Every structure is written in structure tokens, then in C-alpha cells.
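For this chain, numbers begin at 1 and follow the sequence in order. All values derive from a computational prediction rather than experimental measurement.
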Amino acid sequence: MSESFDRPRDAFESGATGSAAGEGGCTVAIHQPNYLPWLGYFEKIRSSDVFVLLDDAEYSSGSWINRNKIKTPHDWTWLTVPVRGTSGPIADVEIVDDGWRETHRKSLQASYGGAAHYEEFGAFFAATYARSWESLCELNAHLVRQLADRLELDCEFVRASTLEVDAAGSDRIVRLCEELGADRYYSGEGARSYNDHARFEAADVALEYQSFDPPRYEQRFGEFLPKLSVVDPLMNLGAAGTRELLEVASGDA
């Protein structure tokens, strides 16, 4: 089994419940651990004090959990991590074999080898794909954490399974917030239709929805394609330029 994380201070290993709460309040965001997620995912990380990786949620086949899009000279393509089975908690999903690692490394090199900031990230991805991964969750968490570091996003990461909150729906989200000492929950826009607003109000947890309009930026290979993996802006703009995109999208620039 791969190591859980690269920084031992992380609550993924330490279970540092409520450590981010302070005088200024605590904002929590929650999401499944996706593979090389898009820019909006990192905007949620940027806007939160604690980001909960929902590793005990049910794995969904054909979702963003084991695949994402990159741009190619001709259009776009999927990078897909092959896994065993189509159900069960995300934390239990096993990667089938090692052949995908070289495919993904070569795909990134073919699409972004000539990008302005390939050298800034090429070695990181080469090192990641040089490792043998058994757990999809561990791979995704490693990538999310390491890329958040490179974007200088100051956020604590917690794995939901370490909190042992036995509930479902809005009640579970609220109880996770309470467990972490949060007074604000930063939710995806898609949850507006099913979040129980009264439950959040009763718990005195402010509910705010993400409003993220993906900003345009200079891409390779012709017309702009939105909602690609964060790999695309990172390779084209670098960490500093991608941080600026997040600031613009958040209205901070």
C-alpha cells in the first residue's frame, strides 16, 4: 500500500479534529477525491480552511474520480486510471495494473512538452507516475495535496472516514462541519437543490454556494476549451499564473 500522504502533519493521518477553528471562524468544503481535478475544485480548496476528502462516499464508475480531460493537438482526451470493480467506498477502490502510469506520463509529455511551464511540473508528474499505486484514493489525495502546495493554497486536508460521522445527506454535512468546528460550509452549486437549508440554519452553520465562472487563458492548440484538468492551466501559465486565475475567479484581483 502506498503511503497515506507526504506531510505527516495532515489530518488525513493525524485526525486533527477541529484544529483549524479559530477566532476568525472556520470554513469547510467537502468533495470526493478526484483525479487531477479541474480549476474549480482548487477554488473550493482556496476558499476553505479545511477541505474534507469524502473518501467513504460510494465510488461512481465513469465519474471524475478516476479520470479527467487534457487538451491535445487535435481536441481533448481522457486520462483514465483503470480500477477494479464499480462499487464500494472510494477509499477501497483498487487500481488494476501499472500500465496506465506510462501512458499518462507520455500523454502529458505529448500534449504539454512544448508548453511554457512544462519544466515546472514535468519532474513532479514523472516522479508520481514512477511510483506504483494500489489505491485510487491515495493517488488522488497525493496529487490534490501536492498541487495545492504548489499553488500555495493554505488549507488543512481531512479524510472523512477518520471522523466517523454516521449520518447521511445534509445531516452528515452539518455534523462533519460541527466535528471540525466550522461555522461556514462552502458548497458546490449543484447541491443547492437538495441541501436542507433549515438543518444548516439550526446548527448555526452558514451555507454559501460556489459561483465559479472558469476564466479564459492562453492555451495551446487553437480554440479555448473550458473545464479541463488543472494540469492545463498549470502547464500553460505555471503555478503563479494559475493562482492569479483563481484570484480573478474569486473576485480577489
Heavy-atom neighbours of [X] [atom1] exceed 12 at 6.0 Å:
X: E208; atom1: CD; result: yes
X: E102; atom1: CD; result: yes
X: D204; atom1: CG; result: no
X: H74; atom1: NE2; result: no
X: E58; atom1: CD; result: yes

[X] side-chain N/O to [Y] backbone N/O, donor-acceptor pair under 3.5 Å:
X: T162; Y: R159; answer: yes
X: S63; Y: S60; answer: yes
X: R150; Y: Q146; answer: yes
X: H197; Y: N195; answer: yes

Side chain to side chain, [X] and [Y], heavy atoms closer than 4.5 Å:
X: Y209; Y: S211; answer: no
X: F42; Y: L234; answer: no
X: F121; Y: V231; answer: no
X: R101; Y: W133; answer: yes
X: P82; Y: D97; answer: yes
X: L180; Y: V52; answer: yes
X: F125; Y: Q109; answer: no
X: L163; Y: L176; answer: yes

Atom pairs and distances, donor-acceptor, side-chain atoms in residues 28-41, under 3.5 Å, two or more places apart:
from : atom 1 : to   : atom 2 : distance (Å)
Y35  : OH     : H104 : ND1    : 2.7
Y35  : OH     : Y129 : OH     : 2.7
Y41  : OH     : Q32  : O      : 2.8

message: Between L136 and V81, is the side-chain contact (heavy atoms from CB on, under 4.5 Å) condition met? List the steps.
response: CA-CA 8 Å; L136 178 65; V81 181; 4.1 Å; yes
Who passes side chain to side chain contact (heavy atoms under 4.5 Å, CB included) against [X], sequence neighbours left out?
X: D196; value: S170, A198, R199
X: A91; value: D55
X: R243; value: L151, E152, A239, A240

Are [X] and [Y] within salt-bridge range, i.e. N to O under 4.0 Å?
X: R175; Y: E178; answer: no
X: E189; Y: R192; answer: yes
X: E179; Y: R172; answer: no

message: Among L245, L246, L147, N68, which residue satisfies the side-chain contact (heavy atoms from CB on, under 4.5 Å) criterion with V230?
response: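 Looking at L245, L246, L147, N68, the match for V230 under the side-chain contact (heavy atoms from CB on, under 4.5 Å) is L147.
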message: Ring of Y112, cation from R220 - is the NZ or CZ under 6.0 Å from the centre and inside 45° of the axis?
response: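 The answer is no; the distance or angle limit is not met.
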message: I want to check a possible cation-pi pair here: K69 against W76, using under 6.0 Å from ring centre and within 45° of the ring axis as the test.
response: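 Yes, a cation-pi geometry holds between K69 and W76.
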Which heavy-atom pair separates [X] from [Y] by the least distance, and what is that distance?
X: F224; Y: P215; result: CZ-O, 3.7 Å
X: G25; Y: D49; result: O-OD2, 3.8 Å
X: F157; Y: L53; result: CD2-CD1, 4.3 Å

In terms of hydrophobic clusters joined by side-chain contacts under 4.5 Å, are [X] and [Y] together?
X: L143; Y: L79; result: yes
X: V93; Y: V96; result: no
X: Y186; Y: V174; result: no

Any side-chain donor paired with an acceptor under 3.5 Å for [X] and [Y]?
X: T80; Y: N66; result: no
X: Q219; Y: K71; result: yes
X: Y217; Y: E244; result: no

What's the spacing between [X] [atom1] and [Y] [atom2] if we round to 0.5 Å?
X: S135; Y: N140; atom1: OG; atom2: CG; result: 8.0 Å
X: S187; Y: Q210; atom1: OG; atom2: CD; result: 9.0 Å
X: D75; Y: E223; atom1: CG; atom2: CD; result: 10.0 Å
X: S132; Y: D98; atom1: OG; atom2: CG; result: 3.5 Å
X: L228; Y: T77; atom1: CG; atom2: OG1; result: 11.0 Å
X: D154; Y: I45; atom1: CG; atom2: CD1; result: 12.0 Å

message: Applying salt bridge (charged side-chain N to carboxylate O under 4.0 Å, His left out) as the test, list every pair that has at least one member in residues 79-94; sequence neighbours left out.
response: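 Every pair satisfying salt bridge (charged side-chain N to carboxylate O under 4.0 Å, His left out) with a residue in residues 79-94: R84-E94.
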task: Walk me through it: do E43 and R46 pass the test salt bridge (Lys or Arg N to Asp or Glu O under 4.0 Å)?
output: CA-CA 5 Å; E43 195 277 333; R46 181 182 183 273; 5.4 Å; no
- request: Determine, step by step, whether I95 and L139 satisfy the side-chain contact (heavy atoms from CB on, under 4.5 Å) criterion, reporting the C-alpha distance in whole Å, the side-chain angles of both residues, the deciding distance to 0.1 Å, and the verdict.
  value: CA-CA 9 Å; I95 297 174; L139 167 67; 4.1 Å; yes
task: Evaluate the side-chain contact (heavy atoms from CB on, under 4.5 Å) criterion for residues C155 and V50: first the C-alpha distance (whole Å), next the side-chain angles of each, then the deciding distance (0.1 Å), finally the verdict.
output: CA-CA 6 Å; C155 181; V50 181; 5.6 Å; no
task: Could you work out the complete set of other residues in the hydrophobic cluster of F221, with links drawn between I, L, V, M, F, W and Y side chains under 4.5 Å apart?
output: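 Once heavy-atom contacts under 4.5 Å are chained together, F221 still belongs with nothing else.
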- request: Compute the ring centroids of W64 and W78, then answer whether they are less than 6.0 Å apart.
  value: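 Ring centres of W78 and W64 closer than 6.0 Å.
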- request: Check the pair I173, D171 against side-chain contact (heavy atoms from CB on, under 4.5 Å), reporting the backbone distance first and the verdict last.
  value: CA-CA 6 Å; I173 299 300; D171 189 50; over 6 Å; no
